[in-house]
There are 2 protein chains.
Amino acid sequence: MLSRFMSGPHPAKRRLVAMSSHLGNGPQNGGPTGPAGQTRAKVLTIDSMNPLVKKVEYAVRGPIVARATELEKELEKGVPKPFKQVIKANIGDAHAMGQKPITFLRQVISLCVNPDLLDNESFPADARERARRILQGCKGGSLGSYSDSVGVEVIRKDIAAYIERRDGFPSDPDNIFLSTGASDAIKNCLHLLVAGSGKTRTGIMIPIPQYPLYSAAASQLDAHQVNYYLDEDNNWALDIAELERSVKEAREHCTPRVLCVINPGNPTGQVLSKENVQEIIKFAAREHLFLMADEVYQDNIYADGCAFHSFKKTLMELGPDYAGLELASFHSTSKGYMGECGFRGGYMEVINMDPQVKLQLKKLVSTKLCPPVSGQATMDCVVNPPQPGEPSYESFIKEKTAVLTSLAERAKLVAETFNSIEGVTCNTVQGAMYAFPRIHLPQRAVDKAKSLGQSPDGFYALQLLEQAGICVVPGSGFGQRDGTYHFRTTILPQPDKLKIFMDAFTAFHNKFLKEYAD
Amino acid sequence: MLSRFMSGPHPAKRRLVAMSSHLGNGPQNGGPTGPAGQTRAKVLTIDSMNPLVKKVEYAVRGPIVARATELEKELEKGVPKPFKQVIKANIGDAHAMGQKPITFLRQVISLCVNPDLLDNESFPADARERARRILQGCKGGSLGSYSDSVGVEVIRKDIAAYIERRDGFPSDPDNIFLSTGASDAIKNCLHLLVAGSGKTRTGIMIPIPQYPLYSAAASQLDAHQVNYYLDEDNNWALDIAELERSVKEAREHCTPRVLCVINPGNPTGQVLSKENVQEIIKFAAREHLFLMADEVYQDNIYADGCAFHSFKKTLMELGPDYAGLELASFHSTSKGYMGECGFRGGYMEVINMDPQVKLQLKKLVSTKLCPPVSGQATMDCVVNPPQPGEPSYESFIKEKTAVLTSLAERAKLVAETFNSIEGVTCNTVQGAMYAFPRIHLPQRAVDKAKSLGQSPDGFYALQLLEQAGICVVPGSGFGQRDGTYHFRTTILPQPDKLKIFMDAFTAFHNKFLKEYAD
C-alpha cells in the first residue's frame, strides 16, 4: 500500500521537510526577512506536491509541442530558420489546420447564443427551428443557465435517438451523460472503477500504442496500467491471444477490472472488424471486465471494406448471453467531419451500469455543475443533422462529404508517401485522423540520442521539428514495443500543406539517414 | 494509511468479493446463463466502486433538488399541488431565474461562433472588433480549434490587464490559467496540493459554512478537511483566533497546507473588510499555508460601506514581507452581473507558484486539452467590456447597473423579510447571491425529523418544497455549528417571483411553527 506513494520522497523524510519548513517559517520567526519575505520557503514545491500528478505524462502536448510554439514565435520575429512555417501535426485539431466549420452547425449555435437573431430570415428555417428547440430545453431559455449535470434533457433524447438509428437497438436517455469533450467522460468513468489496494488495486487494460489520456488517468488515479499490444504486423489488429496474455500476467499483481478499446484507433488508425469486436466482447465477459469503448472517430472511416461496428450494437446482436455486459461508449464533437474541438462537447452512453453506481456517477458529475451548454448544443447538431427535405440538407451533406472525402484521400496519400521512403513503414490508415509510421533508425542515431539523454524517437522528432518545421509526437508518448520507433502525425494538414509536409519530411528523413548511416 | 480506505468494505472482504465474482464468472463457467447473461454479477457495484467517490457529498444538486424536478414534472402533468410553480432557489443560476443576458456579451460570442456575421453592420462596431480580436487569437481563426491548455493567449493578456486595472499591481499573463468554470480550476489547484500520508497527509482548511465543492474535492482527493467556523453572531466574519484554533487542532492529525477563503461568501453573503483580508494573509504566512481565494463574486457587492478587496492587491500592499506568499485567486463568468453559468468560463491567477510546480500544473491541465473556447471568449467579454466612447458602452453600463441594482434590492428584501418572521434570523447579505438564514426549530420538529431518519434542516427543507414549492438547500449541505439549523436560498428570483417566494415562505414557516409548537 505504502509503495504506491513512494515515488516522492520517503514519507519520513517528507515529514522532516514539512516540519522544518514549518519551523523555519513559523510565528516564532518574525521580522522583515522572516516568515513571508520573497525568500520564504514555498509551501508547494516539486518535492512536496502530489506525487500522482508528477507521474502523469501527456506527450500530445509535451515539450516538443512547446518547442514548436517557440519556433513559431521566432519565425514571427524574423529569426532565420530552415523552414518558412511550422506545421503542427501533433494533435487532431482540424480547424487549426484550416478545415472550415460546418455552416449549419455554426448557424444553430450562433442562434442559441444570440436569440435576437431567431427571427432573422437570412438564417435557414431548420437552423432556427433547431435553435428554438434547444433553447426550450435550457432553463430560462438561455444557453447561459446551468443544465442538469448529466446534460440538457432534450439533447440527451436526441443522442439516444441517434444511437437507436445507428444501431437498431433501443437507447435510454437516462443512460446518456453529456461531458466536456470525451476526455472528461472517460476520466469520470475510470474514476468510478478504481478501488482496492495491493493485489486488489484496479488494473486498467490499455492498448499499446494508446491515446495517452488513458495512461495519464491511470497515473492520476494511482491505478495499475495493464498494457496489451496491438499487432503492427497485422495492421494494428487487436489479437485476443494478446488480451489473454495481458490479463493473465496482470492478475499476478493487480485486479484488472476494465478493458479500454479505441475504435477507430488512435494513434494507430485501424478499424476493428465486426468479428474482432465480437471477440473482444466475449473476452470482456469471460474475464469479468467493464468495457470502455472510445468511439470518437466513428464517422472517420476511409479504407475500402471497412465499416464502423459499435460495441453497443455488436453486444446487442450477440444476444442474451452478453446483453448484461457493462459497457460505456464515448463520442465527441471534436472529431468526425465537424472537428469542433474548442466547444468541448461529448457524451457517454452507459449500458448495464448498476443503478446505485449510476446515482454515484450523477453525484460525481454534479460537483462540476454541468458540461458547457454550448458544447452540448454542438453535440445536438451532430446527432440531429438536417434531414432530407429540410432547407439546409443539401449544403450540409455537400460540406460533410467534402470533408470526409478529402480526409480519405489524405489518409491514403500519407500512408503511401511514408511507405515510399526508405526506412519508413506505415500501416493503412483505415480510419481516425492519424498515421503511426514506424521509423527504422540507424544504430548511430540511436546511440546519438542516448548520448543526449533522449529517447531515439524523441530525438528524431525534435530534429524533424528543428530542421523541417514539422511537429509530430514521438511514439514513446503512446507506447510501442521495445526497440521499435514510431511517431504519430495527423492527416489533417489541408491538401496543399500536406504536400509541403510530405516533401519536407522526405527530404529531412533522407538527410537524417545519410547523416547517421551505420 | 489503511484507515483512509476503510469506509468501503474491509480490504480483505473486498478481495474475497472480487475473487469470488471472478471465479463465478470465469471462462470455466460458460453456457447461456453463465458468464455474460443478464444475471451476471456486475463488475462495478456500490461495494466495489471507488470508495472516495462514495464519500463525496454535494447538496447543491442533492436529493431535494431531484425531488423539485420531479414536482415540476408532476405539475406539468396536472397533478394537483398546494402551489402553482416550483421556485428553484437552490443554485446561483441567474438566467434560469429569468435574468436576461448582457446584450454586448452575446453579440460578441455569436460573432465568434458565426464569423459570417462579422461584416453585418447591424452588430455594433465594438462587438465586431472584439470578436475579430478573439478569433485572431484562435488557431485557424476558429472557436472550434483547441486553444493552448492554459487558454487563448490574447484572452490571458486581457485578464492580466483587467487584474492590473483592478488592483494597481502588475499581473503576468503566464500566471493566468483559463478553466471550465472556477470549479475546474479550484479542483486542479487542490489536486496539486494533496500529498503525504497519515500525519503528513494534506489538510485543506475550509470555512464552515462552505461551498460544498471544497468538501467534495477533499473527499475525492482523500485529503483531510479542516474546518474553521465563520462567526454567525458577527455577520459571518472570519475570526483569526478561530483560524488559529483550527490549524492548531488540525496539526494533531494532518499537515494543513492550504487555506481556502470565499469572499464574498458563499453561502453566507459576507464581504471581508480590508483589515480582515490583511489578517488572513498574515495568518497564512505565519502558518506556512498556500492561500486559495475564491473571488467569483467580486462584482456582487451590495451593502453600504462594503467593498471588494482582492487578496492579490492586499498582499501586494502589505509589502515585501508578504510579497512571496503563494496565492491562487479564482474568477468566473457564472456570477457577477452576467450570470453566464452555461458557458463554463473561469480562470485562476497563481502568484509566487514554484516554476517547476507551474510546469506540472500546465501538464495536468493539458490532459483535458483545453477549457471550452466559447467560455474563454465569454470571460474575455467580462474582463474587457465596452469602454467610454465605444458604441456599446452606454447600453452595457445600463444593463449591468440594472442587474446589480436589482440584486442589491433583492439582497435587502430577502434578509429583511426573514428577520421579520418569528423563529428566523438572517445576517445582512453584503454580497454574493445567497442568504443563509438560521431557523430556530421547535424540539418537536427536531424529534419528528430524527424519527424519520432525516436531519432537522433537511426535514424542514423537504417540507418547504412539498408544501410551498420552494426549493432551497439545507444548511447541513454547507456545514453549520452543531445544534443550529439553516438553509441557503439564492436572492435570484426576479422581483415579482421573489415576492411570491417570500409570501409563500412566510405562510409555510408560520404553519410549520404552529404544527410543531413545543
Side-chain angles (χ1 to χ4, degrees), chain A residues 14-15 18 22 25 27 32 35-38 40 42-46 49-50 53 58 61 93 95-96 101 106 109-110 113-114 139-140 142-146 180 183 192 194-195 200 216 255 285-286 288 290 321-326 340-342 344 354 356-357 364 366-368 372-374, chain B residues 15 18 22 25 27 32 35-38 40 42-46 49-50 53 58 61 93 95-96 101 106 109-110 113-114 139-140 142-146 180 183 192 194-195 197 200 216 255 285-286 288 290 321-326 340-342 344 354 356-357 364 366-368 372-374:
Chain A
R14 205 189 293 134
R15 199 174 306 128
H22 175 58
N25 294 276
Q38 283 283 18
R40 70 196 301 270
K42 301 276 186 206
V43 176
L44 184 60
T45 66
I46 195 77
M49 70 173 283
N50 191 328
V53 173
Y58 192 72
R61 297 215 150 180
D93 187 348
H95 290 203
R106 291 301 188 95
I109 309 304
S110 60
V113 171
N114 193 343
K139 298 183 212 313
S142 170
L143 221 55
S145 56
Y146 292 120
T180 308
S183 305
L192 292 177
V194 174
T200 69
T255 301
R286 271 201 310 274
H288 200 51
F290 189 107
D321 279 9
Y322 298 93
L325 192 82
E326 292 151 88
E340 293 284 7
C341 311
R344 312 307 296 118
D354 181 289
Q356 283 183 288
V357 175
L364 179 65
S366 78
T367 65
K368 289 187 277 193
V373 183
S374 42
Chain B
R15 199 173 305 128
H22 173 59
N25 293 276
Q38 283 283 18
R40 72 197 300 272
K42 300 275 184 207
V43 176
L44 184 60
T45 67
I46 196 77
M49 69 174 283
N50 190 329
V53 173
Y58 192 71
R61 297 215 150 178
D93 188 348
H95 289 203
R106 291 301 188 94
I109 309 305
S110 60
V113 170
N114 192 342
K139 296 184 214 312
S142 170
L143 221 55
S145 56
Y146 292 120
T180 308
S183 305
L192 291 177
V194 173
S197 60
T200 69
T255 300
R286 268 200 312 274
H288 199 52
F290 189 106
D321 281 9
Y322 298 94
L325 192 82
E326 292 151 88
E340 293 284 9
C341 310
R344 313 306 296 120
D354 181 289
Q356 283 183 289
V357 175
L364 179 65
S366 78
T367 65
K368 289 187 279 193
V373 183
S374 42

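Chain letters run A, B, ... following the sequence lines, proteins first and then strands; every chain starts at 1. No hydrogens, no waters, no symmetry mates; every other heavy atom, side chains included, goes into these values.
- With a 4.5 Å cut-off on non-hydrogen atoms, A:T180 touches chain B through its side chain but not through its backbone.
- Proximity of A:E326 to B:K42: side-chain heavy atoms (C-beta onward) are separated by under 4.5 Å at one or more points.
- Across A:Y146 and B:D93, no two heavy atoms sit closer than the pair N-OD2, 2.9 Å.
- A:L143 CG to B:H95 NE2: the interatomic distance, rounded to the nearest 0.5 Å, is 10.0 Å.
- Taking each heavy atom of B:V357 and A:M49 in turn, the nearest pair found is CG2-SD, 4.4 Å.
- Among residues two or more places apart in sequence or in another chain, the side-chain contact (heavy atoms from CB on, under 4.5 Å) test is passed with B:S183 by A:L369, B:L213, B:R344.
- Using a 4.5 Å cut-off on side-chain heavy atoms (C-beta onward), B:E340 and A:S145 make no contact.
- Proximity of A:T45 to B:Q356: side-chain heavy atoms (C-beta onward) are nowhere separated by under 4.5 Å.
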Check the pair A:K139 / B:C341 against side-chain contact (heavy atoms from CB on, under 4.5 Å), numbers first and verdict last. CA-CA 11 Å; A:K139 298 183 212 313; B:C341 310; over 6 Å; no
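- Between A:N50 and B:L192, every side-chain heavy-atom pair lies at or beyond the 4.5 Å cut-off.
- Interface remark: of the candidates A:G342, A:G140, A:P101, A:A216, A:G342 forms the most heavy-atom pairs closer than 4.5 Å to chain B.
- When all heavy atoms of A:F290 and B:L44 are compared, the closest pair comes out as CE1-CD2, 3.9 Å.
- Of the listed residues B:L364, B:V53, B:I109, the one with more heavy-atom pairs under 4.5 angstrom with chain A than any other is B:V53.
- Among residues two or more places apart in sequence or in another chain, the side chain to side chain donor-acceptor pair (under 3.5 Å) test is passed with B:N114 by A:S110.
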